[in-house]
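Everything below concerns the one structure shown next.
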Amino acid sequence: MKPRSKILIIAGSDSSGGAGIQADIKTITCLGSYAMTAITAITAQNTKNVLSVIPVPTNSIKKQIIHTAVDIKPDAIKIGMLHSSQVVKKVLESLSQIKVKKIILDPVMIAKGGEKLIDDKAIQLVKKRLLQKVNLVTPNIPEAEVITGIKINSKQDMVKAGKKLITLGARNVLIKGGHLKSKKVVDIYLNKRDLKIFVSSRHNTKNTHGTGCTLSSAITTFFSCGKSIKSACELGIKYVNSAILTNPKYGKGHGPINHLNSILLDKRFK
Ligand code: PXL
């Protein structure tokens, strides 16, 4: 088959392959689209912890974005780890030059092992200048708490924080409820006019490394292919949920999920 769409990923590299740009490429590929990349930082990590983070020079990030996009125009962009305010500034500059209409932002802040992946100045800039330029922002509960200043302990708090994100200028918000202590996982999609609660079964596993990256890439792929943001969220949530269920149990810490869950390759090897 030919790829259904072309997507540019702006994110960090995860050497363990479960999160970051590696998760993004796998997701976009497995869902049938073509992935291009601008790498913002290089992490050395495994399923247990992040050993180091090396920032990529910001001029190089801008070059990766512009030089790639002027040749193969992306149908959509997915933004992940941004690391510092200089990176956020360069990404903003680059976005205004390439004029791609569909942009999804995963406001990555902390790795599964607890390591910080973005500094405080960058968070403020994301809140003040980037949030308003994207079609959808997909914070998890800790990220929504940091951006809105609202403590989240319930579904109602999630809605409150979602509404605050809209008043801050976000067009569409998906707050992911995986961190909430609840029997089912509740994700809340909202904008000025609409509110939808997605309920999924919770799988009892520690192997959830890269779920956020995977979800935002899946949503970007569906959105780039013409689905509405809301149905792209619904389809993305289903993809991640079965990727968690079929996780390959790799590593001794928080293992990766199964990006290949959308693909049947068995026959080719018989
Ligand atoms: O899942 C958040 C994330 C994003 N980007 C990179 C990461 C991680 C988590 O480990 O390493 C590069």
Side-chain angles (χ1 to χ4, degrees), residues 7-28 35-58 60-61 64-65 77-84 86-88 90-91 103-119 122-123 126 130 134 136-147 174-179 185 187 205-220 236-237 239-241 243-244 247-248 250-259:
I7 295 169
L8 174 65
I9 309 152
I10 304 172
S13 163
D14 167 9
S15 60
S16 75
I21 223 139
Q22 287 79 356
D24 300 329
I25 298 173
K26 290 171 200 184
T27 302
I28 292 165
M36 302 175 272
T37 60
I39 300 187
T40 57
I42 300 172
T43 71
Q45 63 176 298
N46 59 26
T47 63
K48 297 202 317 201
N49 64 349
V50 179
L51 190 64
S52 66
V53 178
I54 308 286
V56 171
T58 54
S60 161
I61 297 171
Q64 292 176 68
I65 299 171
I77 295 178
K78 177 240 143 109
I79 305 175
M81 177 182 173
L82 290 173
H83 198 54
S84 69
Q86 290 91 318
V87 177
V88 181
K90 281 289 172 200
V91 168
I103 307 176
I104 310 287
L105 169 67
D106 181 19
V108 172
M109 292 184 192
I110 294 166
K112 271 283 166 327
E115 299 84 358
K116 249 185 131 174
L117 298 172
I118 184 168
D119 65 32
I123 295 175
V126 166
L130 186 55
V134 303
L136 173 73
V137 60
T138 63
N140 58 27
I141 286 180
E143 289 157 357
E145 286 181 332
V146 168
I147 301 173
L174 180 70
I175 303 196
K176 302 169 290 187
H179 289 79
V185 179
D187 301 308
T205 174
K206 62 181 183 353
N207 298 331
T208 54
H209 180 70
T211 43
C213 307
T214 302
L215 178 62
S216 54
S217 284
I219 294 170
T220 309
I237 289 166
Y239 173 72
V240 172
N241 198 269
I244 297 171
N247 81 78
Y250 291 161
K252 297 180 185 69
H254 292 287
I257 61 175
N258 180 26
H259 297 100

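Counting convention: from 1, in listed order, for ligands and their atoms alike. Below, all heavy atoms of this structure are taken into account, side chains as well, without hydrogens, waters or symmetry copies.
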Query - Under the salt bridge (Lys or Arg N to Asp or Glu O under 4.0 Å) test, residues paired with Lys26 that sit two or more places apart - result: none
Query - Lys116: partners by salt bridge (Lys or Arg N to Asp or Glu O under 4.0 Å), with sequence neighbours left out - result: Asp120
Could you check ligand 1 for N or O atoms lying under 3.5 Å from protein N or O atoms and list the pairs with distances?
residue: ligand 1; atom: 10 (O); partner: Gln45; partner atom: OE1; Å: 3.3
residue: ligand 1; atom: 11 (O); partner: Gln45; partner atom: NE2; Å: 2.4

Report summary line: Contacts of Thr43 meeting side chain to side chain donor-acceptor pair (under 3.5 Å) (sequence neighbours excluded), chain-then-number -> Gln45
Query raised in the report: More than 12 foreign heavy atoms under 6.0 Å from NZ of Lys48: is that the case here?
Result: no
Requested in this report: Determine whether Ile110 and Leu117 make a side-chain contact, defined as any pair of heavy atoms from C-beta on separated by less than 4.5 Å.
Outcome: no
Requested in this report: Compute whether any side-chain donor of one residue and acceptor of the other, for His254 and Thr208, lie under 3.5 angstrom apart.
Outcome: no
